[in-house]
> 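Here it is: the structure, laid out below.
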Amino acid sequence: MASHTASSTIESANNEQILVIVSSRAVIDEQTTPATIVISPATGKILEVHKSIVPASSFPSGTPYTDHSPHILLPGLVDAHVHLNEPGRTEWEGFNTGTQAAAFGGVTTVIDMPLNAIPPTTTVANLKEKVAAAQGKCWVDVGFYGGLIPGNEAELKPLVKAGVRGFKGFLIDSGVPEFPAVSSEHIAKAFQELADEPTTAMFHAEMLPPIADSVGDDVQVSQAPLQPTGPLNHYRTFLDSRPSSFETYAILEILSQAHLAPKLPLHVVHLSAVEAIPLLREARAKGVPITAETCPHYLSLAAEAIKHGDTRHKCCPPIRDQANQDGLWSEMMRPDNSCIKTVVSDHSPCTPNLKLLPADIPGSVSTPSTQDPGNFFTAWGGISSVGLGISILWTDAKTRNFKIEDVVRWCCKNTAKQVGLDHQKGTLAVGFDADIAVFDDEAEFVVQPSTMLFRNKCSPYQGKVLRGVVKETWLRGRKIHTREAGFEKDGPVGKLLLEPRR
Ligand SMILES: [Zn+2]
């Protein structure tokens with residue numbers, strides 16, 4: 001962190017063109033402070049950071065200089081869990097629309113999940129297909145995860161070298177046939193392969209305990225006693241079919257093999273159940289490098305308020321009750337030793353017809369009665385929210401006495417670290433990419449199709465009033481989106497982040 005004087009600014013300005021952004025409030029070094037950020041448009045890097053407002057007169061005349069006071073300058077968000085679905089299910093989402101939605105909400109980096117595109121990112125050849133599909137379509141920077149499926153162990157090290165940011169595997173049915181779940185034997189092999197690699201092994205941590213009163217997604221074809229225990233369009237029936245024990249059992253399974261790769265960072269994606277927190281705390285206390293992420297929907301929505309048939313709320317693991325939501329927030333009050341380090345969207349869209357929405361739910365398209373509108377078991381599971389995350393979080397975080405610095409820690413700094421980009425992204429500091437979100441923390445807006453830039457306008461947040469508006473988004477020193485004027489006219493300038501982790 002440099003804290004030069006204004007005179008050194010003028011010196012550096014003599015050598016190269018600069019632009020300057022200032023505000024009375026910016027999140028620097030985990031504190032809110034007045035700041036002046038000097039950027040090189042040529043390299044897209046931050047040249048200088050001053051913890052004060054240096055006046056425009058201190059810079060050479062003609063230097064572009066914008067004072068955003070009192071809005072807050074934040075590092076661009078790193079959303080480390082997004083499903084962009086291209087190629088193969090591009091009608092669900094795509095690099096173009098998904099990254100536009102990200103940019104709208106101050107997200108300057110997204111990491112694409114290895115499943116729901118066809119092919120899945122489970123081999124180097126498949127990664128190349130995905131990279132080819134993404135070229136020229138990304139409005140923000142995009143990295144990729146690799147997939148862990150039965151039998152692809154020999155692809156894992158080559159995928160690390162090809163630049164994937166981590167791996168994800170499922171311990172329960174993933175919902176798509178081309179991405180099968182792994183068993184304990186596959187986890188053991190993967191841990192042995194990845195033990196000394198610079199990567200992270202991540203898991204969808206739901207698993208059927210040996211004696212379960214549900215069979216997960218197979219529930220709809222099951223006979224008693226495994227069949228659902230109530231009407232299929234009642235959220236409670238769905239919630240009861242995926243109890244917290246699915247999550248705790250999966251986490252115990254992962255931990256039981258952690259000794260095979262004691263240095264390998266392990267990560268639980270989209271943690272929902274508070275019952276898992278003591279297990280994670282205990283493992284971390286013993287030195288197991290395991291972390292968890294949670295999502296805005298687990299922190300802002302609650303089972304009690306979900307109406308019959310409103311399948312916009314279906315995701316796995318499920319949104320649980322209000323007490324569970326409160327428990328997740330409590331864990332996040334322990335900034336230094338919380339096991340929940342990050343908050344990510346898990347943006348997982350589909351076409352509206354697959355949500356089987358009844359006619360009275362916003363976003364509904366006509367669902368034939370033969371398809372059973374409002375059936376939580378047959379509807380696609382996944383919630384769309386990329387780009388809305390900071391506003392969803394801020395709306396609730398503020399009422400719970402969190403600060404904007406906490407949001408930056410969860411959504412910028414720690415997500416960048418999780419995916420090995422913390423030398424480049426997630427922090428406003430000298431040498432980092434000039435990725436900046438200009439945030440009006442007081443303004444409010446109503447979520448409606450015009451503020452949901454993802455492809456399919458179907459989200460449980462539609463109609464909700466959110467606090468906090470991203471006014472401008474900057475990617476590597478370029479203003480790529482403003483709320484008033486829309487997207488930069490030159491088209492998408494996002495890069496694919498394929499430099500291997502170190
Ligand atoms: Zn996901």
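First listed ligand is number 1; within each ligand, the first listed atom is number 1.
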> Go through the structure and list residues passing side chain to side chain contact (heavy atoms under 4.5 Å, CB included) with P362, not counting sequence neighbours.
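Checked P362 against side chain to side chain contact (heavy atoms under 4.5 Å, CB included); matches are R312, Q462.
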> For residues 105-121, which side-chain donor-acceptor pairs fall under 3.5 Å, sequence neighbours excluded?
| from | atom 1 | to | atom 2 | distance (Å) |
| --- | --- | --- | --- | --- |
| D112 | OD1 | L84 | N | 2.9 |
| D112 | OD2 | K130 | NZ | 2.5 |
| T121 | OG1 | K130 | NZ | 3.3 |

> For a side chain to side chain contact (heavy atoms under 4.5 Å, CB included) with I392, tell me which candidate from S345, P296, C295 qualifies.
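For I392, the side chain to side chain contact (heavy atoms under 4.5 Å, CB included) check succeeds only for P296.
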> Looking only at N, O or S atoms, find the one in D346 nearest to the Zn ion (ligand 1) and name it.
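Closest to the Zn ion (ligand 1) among those atoms: OD1.
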> Using a cut-off of strictly less than 2.8 Å, determine whether H83 has an N/O/S atom near the Zn ion (ligand 1).
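Yes, since at least one N, O or S atom of H83 sits under 2.8 Å from the Zn ion (ligand 1).
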> For D346 and H81, which I'm curious about, is there any donor-acceptor pair between the side chains at under 3.5 Å?
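Note: D346 and H81 side chains meet the donor-acceptor criterion.
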> Below 2.8 Å, can you find an N, O or S atom of H270 next to the Zn ion (ligand 1)?
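Within the cut-off used here (under 2.8 Å), H270 places no N, O or S atom near the Zn ion (ligand 1).
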